[in-house]
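All remarks here apply to the structure that follows.
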Amino acid sequence: MSLHHSASHHSQYRPHSARPINQSISYGGQPGYGGQSGYSGGQYAPPQYVPQGPPPGADPQLWQWFSAVDTDRSGAITVNELQAALVNGFDLDTVKMLMNIFDTDRSGTIGFAEFAGLWKYVADWQNVFKHFDRDHSGSIDGLELAQALRSFGYNLSPTILALVEQKYASGPTGGYGPPPGITFDRFVRACVVVKTLSEAFQQQDSDRDGWITINYEQFMKIVLAAP
């Protein structure tokens with residue numbers, strides 16, 4: 001199923017409203033120094049302070065959100081800062097998964113360009129979530145989950161679907177009644193995990209007969225590489 005981007009600024013799952021911040025400053029020319037010598041004709045010339053701004057072509061609102069959660073003004077955001085940006089209870093495991101997907105340079109943080117890609121990714125998934133949340137309950141139940149995964153090409157057995165539902169339910173499952181629904185952030189993680197494991201299996205299933213033979217180390221690599 002292809003995902004279509006819609007305007008993310010009205011998304012329920014969006015960063016906290018941008019708040020006024022003190023702009024970081026840098027010197028012109030080389031880092032830490034003025035563009036010209038600090039002395040001119042024997043007179044001391046104070047360096048020119050240039051406030052940092054958004055990159056060329058950046059969405060101003062997205063830059064405001066990014067700057068608001070970049071609390072240490074490092075120009076990149078950490079896992080904890082990203083979790084603060086994604087309100088409405090994104091759990092840390094899901095935030096780490098998103099960070100791993102979009103931290104393309106493996107720096108442990110994400111810069112503005114990576115953040116912009118992540119934000120579009122979340123907005124696209126939210127449209128998918130709303131589409132399959134048929135009863136508008138704010139969570140995905142077992143039937144809705146099955147419909148969503150089937151639309152992505154993953155026809156899981158009832159047993160596997162039940163395991164996925166139990167694993168990613170928003171709360172502990174009791175002995176009575178259906179498990180709690182899957183919230184948006186956990187729905188994204190469930191779908192990404194199913195996709196990742198399915199693709200890993202397909203890479204091993206060279207003859208496409210639905211069976212593979214792997215050793216213990218290969219099995220552990222596949223499982224531990226999953227989000």
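Worth knowing before you read on, the calculation uses all heavy atoms, side chains too, and leaves out hydrogens, waters and symmetry mates.
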Testing the basics here: between Trp119 and Trp65, what is the closest heavy-atom pair and its distance to 0.1 Å?
NE1-CZ3, 3.7 Å
Partners passing side chain to side chain donor-acceptor pair (under 3.5 Å) against Thr78 (at least two apart in sequence or in another chain)
none
With respect to Trp125, which candidate in Phe90, Phe152, Phe132 satisfies the ring pair (Phe, Tyr, Trp, His ring centres under 6.0 Å) definition?
Phe152
Can you check side-chain contact (heavy atoms from CB on, under 4.5 Å) on Ile101 and Met97, steps first, answer last?
CA-CA 6 Å; Ile101 292 173; Met97 180 198 76; 4.3 Å; yes
Examine distances only and state if a side-chain atom of Asp133 and a backbone atom of Gly138 form a donor-acceptor pair shorter than 3.5 Å.
yes
Residue pairs involving residues 101-113 (criterion side chain to side chain donor-acceptor pair (under 3.5 Å); sequence neighbours excluded):
Asp103-Ser107, Thr104-Glu114, Asp105-Ser107, Ser107-Thr109
Which pairs of donor and acceptor atoms, one on a side chain in residues 213-227, lie under 3.5 Å apart (sequence neighbours left out)?
{"from": "Asn215", "atom 1": "OD1", "to": "Glu217", "atom 2": "N", "distance (Å)": "3.2"}
{"from": "Asn215", "atom 1": "OD1", "to": "Gln218", "atom 2": "N", "distance (Å)": "2.8"}
{"from": "Gln218", "atom 1": "OE1", "to": "Asn215", "atom 2": "N", "distance (Å)": "2.9"}

Just to verify, what does Lys167 make a salt bridge (Lys or Arg N to Asp or Glu O under 4.0 Å) with, not counting sequence neighbours?
none
The test is side-chain contact (heavy atoms from CB on, under 4.5 Å); show your working for Lys130 and His136 and say whether it passes.
CA-CA 7 Å; Lys130 289 179 178 178; His136 307 292; over 6 Å; no
Set of side chain to side chain donor-acceptor pair (under 3.5 Å) partners for Asp207, sequence neighbours left out:
none
Would a distance-only check, ignoring hydrogens and angles, find a side-chain to backbone donor-acceptor pair under 3.5 Å from Arg208 to Gln202?
yes
Rounded distance (nearest 0.5 Å) linking atom CZ of Phe112 with atom OG of Ser67:
8.0 Å
Just how far is it from atom CZ of Phe115 to atom CH2 of Trp63, taken to the nearest 0.5 Å?
11.0 Å
Tell me if the aromatic rings of Phe187 and Tyr168 count as close, with their centers under 6.0 Å from one another.
no
So salt bridge (Lys or Arg N to Asp or Glu O under 4.0 Å) across residues 74-83, not counting sequence neighbours, yields none
With rounding to the nearest 0.5 Å, note down the distance linking CG in Asp72 to CD1 in Ile77.
10.0 Å
If every non-hydrogen atom of Ala148 is compared with every non-hydrogen atom of Ser151, which pair is closest and at what distance?
O-OG, 2.6 Å
Which residues pass the side chain to side chain donor-acceptor pair (under 3.5 Å) test with Ser206, not counting sequence neighbours?
none
Can you see which heavy atom on Asp70 is nearest to which on Gly75, and at what distance?
OD2-N, 2.8 Å
Step-by-step side-chain contact (heavy atoms from CB on, under 4.5 Å) determination, Leu92 to Lys96
CA-CA 6 Å; Leu92 189 58; Lys96 287 180 178 178; 3.8 Å; yes
In this structure, NZ of Lys120 is separated from CZ of Phe102 (nearest 0.5 Å) by 9.0 Å
Contacts of Ser157 that satisfy side-chain contact (heavy atoms from CB on, under 4.5 Å) - sequence neighbours left out
Thr159, Ile160
Could you go through residues 188-199 and list every donor-acceptor pair under 3.5 Å that involves a side-chain atom there, pairing it with any protein atom two or more places apart or in another chain?
{"from": "Arg189", "atom 1": "NH1", "to": "Asp91", "atom 2": "OD1", "distance (Å)": "3.2"}
{"from": "Arg189", "atom 1": "NH1", "to": "Asp91", "atom 2": "OD2", "distance (Å)": "3.3"}
{"from": "Arg189", "atom 1": "NH1", "to": "Thr94", "atom 2": "OG1", "distance (Å)": "2.7"}
{"from": "Lys195", "atom 1": "NZ", "to": "Glu199", "atom 2": "OE2", "distance (Å)": "2.9"}
{"from": "Thr196", "atom 1": "OG1", "to": "Val192", "atom 2": "O", "distance (Å)": "2.8"}
{"from": "Ser198", "atom 1": "OG", "to": "Val194", "atom 2": "O", "distance (Å)": "2.7"}

Which residues satisfy the ring pair (Phe, Tyr, Trp, His ring centres under 6.0 Å) test with Tyr154, sequence neighbours excluded?
none
Determine whether Trp211 and Asp205 satisfy the following criterion, side-chain contact (heavy atoms from CB on, under 4.5 Å), listing intermediate values before the conclusion.
CA-CA 6 Å; Trp211 292 84; Asp205 184 19; 5.7 Å; no
Who are the side-chain contact (heavy atoms from CB on, under 4.5 Å) partners of Ala146, not counting sequence neighbours?
Arg150, Leu161
How long is the span from the CG atom in Leu118 to the CG atom in Leu98, to the nearest 0.5 Å?
5.0 Å
Sequence-distant partners of Asp141, side-chain contact (heavy atoms from CB on, under 4.5 Å), two or more places apart:
Asp135, Leu143, Glu144
